[in-house]
Amino acid sequence: MTVREINFDGLVGPSHNYAGLSLGNLASARNAGAVSHPRAAALQGLEKMRANIRLGLTQGLFLPQWRPDGAWLAMLGTDVGGAEPHIRAAAMSASSMWAANAATVSPAADTIDGRTHLTVANLVTMPHRSHEWPQTLRQLQLAFSARDAFEVHPPVPAPFGDEGAANHMRLCENHGAPGVEVFVYGQSGGPFPARQHVEASKAVARLHGLDPARTLFVQQSDEAIAAGAFHNDVVAVANEHVLFAHELAFADRDSFYAALRAALPCVEIIEVPAALVSLSDAIRSYLFNAQLVTLPDGGGMALVLPSEAQAIPAVWNWLEKLVAGNGPIRRLVPVDVRQSMANGGGPACLRLRVVADPADIDPRFLLDEAKLDEIARIVGAYWPEDIAPADLGDTRLIARIEQSWLTLVDHLQLSGDLIP
């Protein structure tokens, strides 16, 4: 068995739009009402996946969801034609592209039964995301259907909000070794809601059969949430033995760091001081909403981060000094995901990390460059070029969105499994 980390990226769907639905997500609010570019957004995401493959990483794909979500609208007693604009926008949301919110994943090395466990996130704190989980669950059940290798769990029940891997980190000596799993939760209060409930995190840990001695529950700082860090992955990211975090990410960082060092003595904590990079600059640049990955050629770790980080001198200067040193992070890989960034999701938001043997995964969800070329051709031919929020009720646009999705799933031979 060859266990490795696989990054599953969500493909930006043809209904990608800027309706400003996510309270606490500053970029989403700032760009509400702007014209989106679904075709460009999807192509940007595909190029990020291609860049990962060229780094030597294993790359997977999650498909966009069927939009508009007529089943959800029917539960509300309406349909896409009769729905109020804010309800229609929620039914048309393409936010499932942020695969970091698809599920929480515990690799086989950490679980009591020796299987990789995935619990689909319920996303109940935001209406536009709360109806994603049934389609997400279906894709997870297909991709990870090998029952001897995987256990896929339905979501934690409401009212305990669970937003998946965006609030979960795993640290270990190497990806195949037993790890320490860190669940980060928020407390209500301040101008923006806390989205990850501690009871949801505890439930996931129990469902996955984790060792309590190697499981940490850590509170995100109120200051970070108030500044716009709606998920932990906006202020911290981990990979193998490295934790890369902002000084103000956690409510009690000293206690957290002490517990982490006790559970994993080899851990290396790289903390960005608030005096050199403000919380505001860190969030604006999405410095931490990056993929911290181990390069397969023995070249250390790379930080795949949004190109916006280059535009903020305090951020980029600090990063250049970091990689010039003798630490584990040796390479910076800026990527253009501007369309996703404008709606509040950087490179880390777009991917779900799964440590597993690729041979155990449905090959329809794994990528190579040839398959990327084919998907890019479909996106270029079918995805709408522009969408303004006022267009979301246009029947011609809706028909095009539906045809785009059908063409893609048919090409990937998933029509029989995913068509609603």
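Excluded from the calculations below are hydrogen atoms, water molecules and symmetry mates; all remaining heavy atoms, backbone and side chain alike, are included.
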**Message:** Nearest 0.5 angstrom please: Leu210 CG to Thr215 OG1, how far?
**Reply:** 4.5 Å
**Message:** Between Arg115 and Asp148, does any side-chain N to carboxylate O distance fall below 4.0 Å?
**Reply:** no
**Prompt:** Under 30°, 30 to 60°, or over 60°: which ring-plane class applies to Phe230 and Tyr286, parallel, tilted or perpendicular?
**Reply:** tilted
**Message:** Would you say that Ser415 contacts Leu406 through its side chain, given a criterion of any heavy-atom pair below 4.5 Å between the two side chains?
**Reply:** no
**Request:** Could you label the plane-to-plane angle of the His131 and Trp72 rings as parallel, tilted or perpendicular, counting under 30° as parallel and over 60° as perpendicular?
**Result:** parallel
**Request:** Please confirm whether the backbone N or O of Trp66 pairs with a side-chain atom of Gln135, one donor and one acceptor, at under 3.5 Å?
**Result:** yes
**Request:** Any chance you could measure Leu279, atom CG, to Arg284, atom CZ, to the nearest 0.5 Å?
**Result:** 12.0 Å
**Request:** Before giving the answer on side chain to side chain donor-acceptor pair (under 3.5 Å), spell out for Ser145 and Gln141 the whole-Å C-alpha distance, their side-chain angles and the decisive distance to 0.1 Å.
**Result:** CA-CA 5 Å; Ser145 60; Gln141 289 171 332; over 6 Å; no
**Prompt:** Is there a ring pair (Phe, Tyr, Trp, His ring centres under 6.0 Å) between Phe244 and His246 once you walk through the steps?
**Reply:** CA-CA 7 Å; Phe244 181 50; His246 194 272; 9.9 Å; no
**Prompt:** Applying the side-chain contact (heavy atoms from CB on, under 4.5 Å) test to Pro347, which of Asn289, Asn52, Val237 qualifies?
**Reply:** Asn289
**Request:** Determine whether the side chains of His128 and Ser93 contain a donor N or O and an acceptor N or O closer than 3.5 Å.
**Result:** no
**Test item: Pro107 and His175 side chains (from C-beta on) under 4.5 Å apart, heavy atoms** = no
**Prompt:** Ion pair present between Glu181 and Arg214, side-chain N to carboxylate O less than 4.0 angstrom?
**Reply:** no
**Asked** With a 4.0 Å cut-off, would you call Glu163 and Arg129 a salt bridge?
**Response** no
**Request:** Measure the spacing between OG1 of Thr294 and CG of Leu55 and express it to the nearest 0.5 Å.
**Result:** 11.5 Å
**Prompt:** For the atom pair OG (Ser15) and CD1 (Ile401), what is the distance rounded to the nearest 0.5 Å?
**Reply:** 5.0 Å
**Prompt:** Going from OG1 on Thr136 to CG on Asn122, what distance comes out if it is rounded to the nearest 0.5 angstrom?
**Reply:** 11.5 Å
**Test side chain to side chain contact (heavy atoms under 4.5 Å, CB included) applied to Met49 and Leu367, step by step** = CA-CA 9 Å; Met49 299 180 218; Leu367 294 174; 3.5 Å; yes
**Prompt:** Under 3.5 Å, side chain of Gln44 to main-chain N/O of Gln339, donor-acceptor pair present?
**Reply:** yes
**Message:** Centroid separation under 6.0 Å, is that true for the rings of Phe217 and Phe256?
**Reply:** no
**Prompt:** Parallel, tilted or perpendicular for His117 and His153, by the 30°/60° rule?
**Reply:** parallel
**Item:** Any donor-acceptor N/O pair, Asp336 side chain to Arg338 backbone, under 3.5 Å
**Value:** yes
**Complete:** Tightest non-hydrogen contact, residues Trp383 and Pro14, listed as NE1-N, 3.3 Å
**Message:** Under a 3.5 Å distance rule, please check whether Thr407 uses its side chain to pair with a backbone N or O of Gln403 as donor and acceptor.
**Reply:** yes
**Leu61 to Phe8 - nearest heavy-atom pair and separation** = N-CD2, 3.6 Å
**4.5 Å side-chain heavy-atom contact, Phe288 and Val272** = yes
**Asked** What heavy-atom pair brings Ser221 and Leu248 nearest, and what distance separates the two atoms?
**Response** OG-O, 2.6 Å
**Message:** salt bridge (charged side-chain N to carboxylate O under 4.0 Å, His left out), that's the test. Do Asp373 and Arg50 meet it? Break it down for me.
**Reply:** CA-CA 9 Å; Asp373 289 341; Arg50 192 185 304 276; 3.0 Å; yes
**Request:** Over all heavy atoms of both residues, which pair between Pro68 and Met92 is shortest? Give the atoms and the distance, please.
**Result:** CB-SD, 3.4 Å
**Message:** What I want to check is whether the side chains of Glu385 and His37 have a donor and an acceptor closer together than 3.5 Å.
**Reply:** no
**Message:** Can you confirm whether Pro159 sits close enough to Val124 that some side-chain heavy atom of one is under 4.5 Å from a side-chain heavy atom of the other?
**Reply:** no
**Leu303 side, atom CG; Leu287 side, atom CG - distance, nearest 0.5 Å** = 7.0 Å
**Prompt:** Does Asp386 pair with Arg39 as a salt bridge, N-O distance under 4.0 Å?
**Reply:** no
**Asked** Would Arg364 and Asp417 pass as an ion pair if we require N to O under 4.0 Å?
**Response** yes
**Item:** Donor on one side chain, acceptor on other, Thr125 and Gln196, under 3.5 Å
**Value:** no
**Request:** Using a 4.5 Å cut-off on heavy atoms from C-beta on, say whether the side chain of Trp133 contacts that of Leu123.
**Result:** no
**Asked** Would Phe150 and Leu118 count as a side chain to side chain contact (heavy atoms under 4.5 Å, CB included) if you check the C-alpha gap in whole Å, the side-chain angles of each, and the deciding distance to 0.1 Å?
**Response** CA-CA 8 Å; Phe150 302 105; Leu118 304 94; 4.2 Å; yes
**Request:** Looking only at non-hydrogen atoms, find the nearest pair between Ala229 and Gln220 and report the distance.
**Result:** O-NE2, 3.0 Å
**Item:** N/O donor-acceptor pair under 3.5 Å between Gln219 side chain and Gly186 backbone
**Value:** no
**Message:** Pair Ser285, Glu308 - check side chain to side chain donor-acceptor pair (under 3.5 Å), show working.
**Reply:** CA-CA 5 Å; Ser285 66; Glu308 282 82 352; over 6 Å; no
**Message:** Do Ser340 and Met97 have side chains that approach each other closer than 4.5 Å (heavy atoms only, starting at C-beta)?
**Reply:** yes
**Request:** Measure from the side-chain N and O atoms of Asn167 to the backbone N and O of Asn232, and report whether any donor-acceptor pair falls under 3.5 Å.
**Result:** yes
**Request:** State, with a plain yes or no, whether a side-chain heavy atom of Asp394 is found less than 4.5 Å away from one of Ile398.
**Result:** no
**Prompt:** Tell me, do Val198 and Phe183 make a side-chain contact under 4.5 Å, heavy atoms counted?
**Reply:** no
**Request:** Could you tell me whether Lys48 and Asp9 have a side-chain N and a carboxylate O separated by less than 4.0 Å?
**Result:** yes
**Asked** Is it true that Glu374 and Lys371 have a side-chain N and a carboxylate O under 4.0 angstrom from each other?
**Response** no
**Heavy-atom closest pair, residues Ala356 and Ile361** = CB-CD1, 4.4 Å
**Request:** Decide side chain to side chain contact (heavy atoms under 4.5 Å, CB included) for Met301 and Asn239; before the verdict, give the C-alpha distance in whole Å, the side-chain angles of both, and the deciding distance to 0.1 Å.
**Result:** CA-CA 9 Å; Met301 297 185 188; Asn239 179 58; 3.3 Å; yes
**No-hydrogen, no-angle side-chain donor-acceptor test under 3.5 Å, Ser95 and Glu132** = yes
**Message:** Hydrogens and angles aside, do Tyr257 and Glu271 bring a side-chain donor and acceptor to less than 3.5 Å of each other?
**Reply:** yes
**Asked** Would Phe250 and Val235 count as a side chain to side chain contact (heavy atoms under 4.5 Å, CB included) if you check the C-alpha gap in whole Å, the side-chain angles of each, and the deciding distance to 0.1 Å?
**Response** CA-CA 9 Å; Phe250 307 106; Val235 285; over 6 Å; no
**Neighbour count >12 (heavy atoms, 6.0 Å) for atom OH, Tyr382** = no
